[in-house]
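Taking it in order: structure first as structure tokens, then the write-up.
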2 protein chains.
Amino acid sequence: MRTSTEQTTSLLSSTEAAVLGLLTRGARSGYDLNKLAKAGVAYVWAPAKSQIYAVLPRLVAAGYATTRSVPGGQRPDKQLYRLTAKGRRALKEWLELPVDDADAARNPFLLKAFFGDLMEPEALVGHFERRRDRARASLAEFKAIEDEIAGREDSYYGYLTLRWGLAEARTLIRWTDEVLRELAERGPST
Amino acid sequence: MRTSTEQTTSLLSSTEAAVLGLLTRGARSGYDLNKLAKAGVAYVWAPAKSQIYAVLPRLVAAGYATTRSVPGGQRPDKQLYRLTAKGRRALKEWLELPVDDADAARNPFLLKAFFGDLMEPEALVGHFERRRDRARASLAEFKAIEDEIAGREDSYYGYLTLRWGLAEARTLIRWTDEVLRELAERGPST
DNA sequence: GTCGACATGTAACCAGTTACATGATTAA
DNA sequence: TTAATCATGTAACTGGTTACATGTCGAC
């Protein structure tokens, strides 16, 4: 973001973009956004709560959002954030910018698998079993969401990304199953 | 790693683990490791050069590796790092530790797709086309590597992870193609 | 005579995390 | 009475990035 007076770059961080994106759906508090993120974009982007609270004032400082204090009775006042036209423009700009081609490959699971020869066979099998189980759980979860939103025009783009989740989970299950079968074959025989 | 005297945790960062992993293949310099990483584990873990140079002295301090200076004639002396028994144990421990279940979902591409309604249709199409092209390129690359290493016992675990790369690329191509077809159908008609 | 490989590192920065701090309200 | 939900935020840290700095040697 670079909060200099004459910023030329004006680039959002992904978390800032995610927050602005959620704000397009209406004015929200940090608390709301956190819940919304956990429920909605979570598969795609999952910032820590503290990060959301950190980002919001910056967005206001940049003129991308405004705050309004809603008295909360006994509890702390609710800070309601609302997207500005400038914020919407900045978001659109960020969204339309090509994704950085070299977006870091960092997958701890694959890293472990890659060095599979350096651990006990059972440990490796455990990794793959957990991965498979997790993929199965995701698949079930995604299917449930699919039933809910499939065909609903308003969540078409969410549905697109969900379909990636489904496809990935299925591919993951197939691959882990295959590997587990292979490992079972080689393991005992050697 | 926590370089306290009585560390109980002794946990490696993934980059430290990756570097130790590469060192199991023999003594290497930072420069070597960087090239090796770019060529080998890159799909799985791709640290910046400077990060490798930062990690190496820490590994030595922790007793996980030793250095030996190899005079380089005119050029800077080569620092050759060699894995210690302790380092190998630490690596094994890290490798066998279950992967953190909640390993951050952060995919800028999917994030953009999720908010597809907030950008120009052509921009979204562009995103998907680039993604598809990139997946095609990866697929070709992975196939080439496959031809090289398939069946070679010594790279079995590298081959496992490569197969994930292949499967993922294929799934990605199928999904992006599908989405692009859909977008083409809705775009002009609406 | 220019480019890329060799070879090491530092400095400044950044995006994000975990744990801490506070405290009322409500439902089981 | 205990746990969850509401509601905000700070502090300390971490794992990483980009750009900078320096200089030789060999190939084309």
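So that the names make sense, note that chain A is the first sequence line, chain B the second, and so on, each numbered from 1. None of these values were measured; they are calculated from a predicted model. Atoms considered below: every heavy atom in the structure, side chains included; atoms not considered: hydrogens, waters and symmetry mates.
Using a 4.0 Å cut-off between charged nitrogen and carboxylate oxygen, A:Arg25 and B:Asp117 count as a salt-bridge pair. Using a 4.0 Å cut-off between charged side-chain N and carboxylate O, A:Arg136 and A:Asp133 make a salt bridge. Salt bridge status for B:Lys92 with B:Glu96: present, with a side-chain N to carboxylate O gap under 4.0 Å.
B:Leu12 places its CG atom 16 Å from the C1' atom of D:dG16, with the value rounded to the nearest Å. Whole-Å rounding puts the B:Ile52 CD1 to C:dA7 C1' distance at 13 Å. The separation between A:Arg28 atom CZ and D:dT8 atom P is 13 Å, rounded to whole Å. Following rounding to the nearest Å, B:Trp45 (CH2) and D:dG15 (P) show an atom-to-atom distance of 10 Å. In this structure, A:Glu16 atom CD and C:dC14 atom P are separated by 11 Å, rounded to whole Å. For the pair B:Gln51 CD and C:dG9 P, the interatomic distance rounds to 15 Å; values are reported in whole Å. Put simply, CG on A:Asp100 is 17 Å from P on C:dC14, counting in whole angstrom units. Spacing between atom CG of A:Asn34 and atom C1' of C:dT17 amounts to 14 Å, rounded to whole angstrom units.
Residue whose closest nucleotide on DNA chain C sits further toward the 5' end, between A:Thr15 and B:Ser29: B:Ser29. Between A:Pro47 and B:Lys35, it is B:Lys35 whose nearest contact on DNA chain C lies nearer the 5' terminus.
Side-chain atoms of B:Ser13 stay outside donor-acceptor range of the base of D:dT14, with no qualifying N/O pair under 3.5 Å. Side-chain atoms of B:Lys49 come within donor-acceptor range of the base of C:dT8, with a qualifying N/O pair under 3.5 Å.
Taking only side-chain nitrogens and oxygens, A:Arg106 comes nearer than 4.0 Å to OP1 or OP2 of D:dT17. The shortest distance between the side-chain N/O atoms of A:Tyr53 and the OP1/OP2 oxygens of D:dT8 is below 4.0 Å. OP1 or OP2 of D:dC6 has at least one side-chain nitrogen or oxygen of A:Tyr31 nearer than 4.0 Å.
By the ring pair (Phe, Tyr, Trp, His ring centres under 6.0 Å) test, B:Trp175 is found to be paired with A:Trp164, B:Phe128, residues two or more places apart in sequence or in another chain being considered.
The stretch residues 109-116 of chain A has no heavy atom under 4.0 angstrom from DNA chain C at all.
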Show your working on salt bridge (charged side-chain N to carboxylate O under 4.0 Å, His left out) between B:Arg163 and B:Glu146 and close with a plain yes or no. CA-CA 8 Å; B:Arg163 274 159 56 194; B:Glu146 191 185 17; over 6 Å; no
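A heavy-atom distance below 4.5 Å is not found between the side chains of B:Val60 and B:Thr66.
When distances are taken from the side chain of A:Ala48 to each of C:dA7, C:dT17, D:dA7, the shortest belongs to C:dT17.
Annotation: A:Arg68, atom CZ; neighbour count of heavy atoms from other residues, nucleotides and ligands within 6.0 Å does not exceed 12.
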